[in-house]
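Computed from a predicted model, the values in this text were never measured in an experiment. Quick note: residue numbers are just sequence positions, from 1.
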Amino acid sequence: MSLNHSPETQTKLIARVPSITGRDLPEWFQAIDNGPSFLRCEERAAWLADEHGLTHGYAAAIVLEHERRRRF
């Protein structure tokens, strides 16, 4: 599974997260922070998808956004 979406796809996925998943991004970020300590983003995305029933596309977008926001 790749975590590399085009910037346009990433923006569209992130904008739809609350309506598709019923949870806002801060809630997903907290789930990632409180979840298992995976080293790789791909592992975190797979865990989100498996644990919370997300598609891998949305899981990957959430993990990527989480990583981007943690850097700042």
- Task: Mind checking salt bridge (Lys or Arg N to Asp or Glu O under 4.0 Å) for Arg16 and listing every partner two or more places apart, or none if nothing turns up?
- Result: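 Arg16: no salt bridge (Lys or Arg N to Asp or Glu O under 4.0 Å) contacts found.
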
- Task: List in chain and number order the residues that pass side-chain contact (heavy atoms from CB on, under 4.5 Å) with Thr9, two or more places apart in sequence or in another chain; answer none if no residue qualifies.
- Result: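 Thr9 satisfies side-chain contact (heavy atoms from CB on, under 4.5 Å) with His5, Ser6, Leu13 only.
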
- Taking all atoms of both residues into account, what is the closest heavy-atom pair of Pro18 and Ala15, and its distance?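 Of all heavy-atom pairs spanning Pro18 and Ala15, the closest is CD-O, 3.7 Å.
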
- With the side chain counted from C-beta on, respond yes when Leu25 and Arg69 share a heavy-atom pair under 4.5 Å apart, and no when they do not.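 Yes; the side chains approach each other to less than 4.5 Å.
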
Would you be so kind as to tabulate the donor-acceptor pairs closer than 3.5 Å made by side chains of residues 44-54, with sequence neighbours excluded?
from: Arg44; atom 1: NE; to: Phe38; atom 2: O; distance (Å): 3.4
from: Arg44; atom 1: NH1; to: Glu67; atom 2: OE2; distance (Å): 2.6
from: Arg44; atom 1: NH2; to: Phe38; atom 2: O; distance (Å): 3.4
from: Arg44; atom 1: NH2; to: Leu39; atom 2: O; distance (Å): 3.3

- Quick check: does any side chain N or O of Glu27 sit under 3.5 Å from a backbone N or O of Asp24, one acting as donor and the other as acceptor?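 Here the side-chain-to-backbone pair exists.
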
- Supply the atom-to-atom distance Trp28 CH2 to Thr21 OG1, rounded to the nearest 0.5 angstrom.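 Spacing of CH2 (Trp28) from OG1 (Thr21) equals 5.0 Å.
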
